[in-house]
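See structure below.
The figures that follow rest on heavy atoms only: side chains count, while hydrogens, waters and symmetry mates do not.
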Amino acid sequence: MSEKLVLVAMSGGVDSSTAAALLLRQGYRVIGVTMQLWDQRRLPELQTGETSGRCCSLDDVYDARAVAHRLGIPHYVVDLEREFETTVVEPFVEQYLRGRTPIPCTLCNQFL
């Protein structure tokens with residue numbers, strides 16, 4: 001096992017899961033980290049019951065944790081809800097109300 005430690009941002013998707021597995025196979029010490037960006041209990045009236053495929057879902061956190069468990073690596077969830085709200089959601093709403101069509105993922109990818 002290598003002394004080199006790699007932190008893998010795990011979204012619960014195929015790409016980050018594969019990256020973690022490949023790094024582990026190459027002998028790196030791997031830790032998985034998932035960002036908690038949205039309180040799933042917030043605005044329950046907007047919940048449709050179908051969360052599959054939706055960004056920032058609790059299912060994504062569970063998927064990442066399950067992959068980390070299967071790989072035998074530690075997994076942590078980092079609460080970035082406040083940062084997500086101020087850095088992504090508020091600017092998105094502000095721009096949207098001005099008649100623009102912002103893409104929230106670009107802010108999230110750049111700053112979080």
Side-chain angles (χ1 to χ4, degrees):
M1 180 74 58
S2 173
E3 289 300 314
K4 292 183 181 178
L5 177 65
V6 178
L7 185 85
V8 177
M10 297 183 72
S11 65
V14 173
D15 295 342
S16 60
S17 299
T18 301
L22 289 173
L23 287 163
L24 193 62
R25 183 185 293 172
Q26 292 173 15
Y28 290 92
R29 291 176 37 228
V30 178
I31 295 176
V33 176
T34 301
M35 297 183 296
Q36 173 64 39
L37 300 176
W38 189 257
D39 181 352
Q40 301 300 313
R41 296 166 297 198
R42 186 174 179 192
L43 304 172
E45 65 275 10
L46 299 179
Q47 299 299 320
T48 62
E50 177 59 43
T51 60
S52 179
R54 183 185 303 168
C55 177
C56 312
S57 77
L58 196 53
D59 288 343
D60 294 336
V61 175
Y62 291 145
D63 289 346
R65 178 171 286 153
V67 169
H69 178 75
R70 183 171 177 121
L71 293 174
I73 63 172
H75 178 259
Y76 300 95
V77 178
V78 179
D79 182 355
L80 294 175
E81 290 179 31
R82 185 181 349 227
E83 291 84 351
F84 183 70
E85 179 80 22
T86 59
T87 306
V88 178
V89 175
E90 289 174 4
F92 170 83
V93 170
E94 185 178 299
Q95 292 297 314
Y96 188 80
L97 291 175
R98 289 183 180 169
R100 298 189 176 120
T101 53
I103 302 171
C105 296
T106 58
L107 291 175
C108 189
N109 290 339
Q110 184 175 0
F111 296 110
L112 298 179

*Any link between Tyr96 and Leu107 through a network of hydrophobic side chains (Ile, Leu, Val, Met, Phe, Trp, Tyr) touching at under 4.5 Å?*
yes

_Hydrophobic clustering (ILVMFWY, side-chain heavy atoms < 4.5 Å, transitive) - are Leu80 and Leu7 grouped together?_
yes

_Partner set under side chain to side chain contact (heavy atoms under 4.5 Å, CB included) for Leu112, not counting sequence neighbours_ = Met35, Leu37, Glu83, Phe84, Val88, Cys108

When the side chains of residues 69-76 are checked against the rest of the protein, which donor-acceptor pairs come out under 3.5 Å, sequence neighbours left out?
| residue | atom | partner | partner atom | Å |
| --- | --- | --- | --- | --- |
| His75 | NE2 | Thr34 | OG1 | 2.7 |

*Kindly state each residue pair satisfying side-chain hydrogen bond (donor to acceptor under 3.5 Å, both in side chains) with at least one member in residues 13-22, sequence neighbours excluded.*
Ser11-Ser16

*Going by the side-chain hydrogen bond (donor to acceptor under 3.5 Å, both in side chains) test, which pairs reach into residues 102-112, not counting sequence neighbours?*
none

*To the nearest 0.5 Å, tell me how far Thr87 OG1 sits from Arg82 CZ.*
11.5 Å

*Are there more than 12 heavy atoms of other residues, nucleotides or ligands under 6.0 Å from atom CG of Leu97?*
yes

_ring pair (Phe, Tyr, Trp, His ring centres under 6.0 Å) partners for Tyr62, two or more places apart_ = none

_Glu81 versus Trp38, closest heavy-atom pair with distance_ = CG-N, 3.8 Å

*For the student: nearest non-hydrogen atoms of Val78 and Val33, plus distance*: CG2-CG1, 3.4 Å

*Pairs in or reaching into residues 97-109: which pass salt bridge (charged side-chain N to carboxylate O under 4.0 Å, His left out), with residues at least two apart or in two chains?*
Glu94-Arg98

_In the structure I gave you, are the side-chain heavy atoms of Asp63 and Val67 within less than 4.5 Å of one another anywhere?_
no

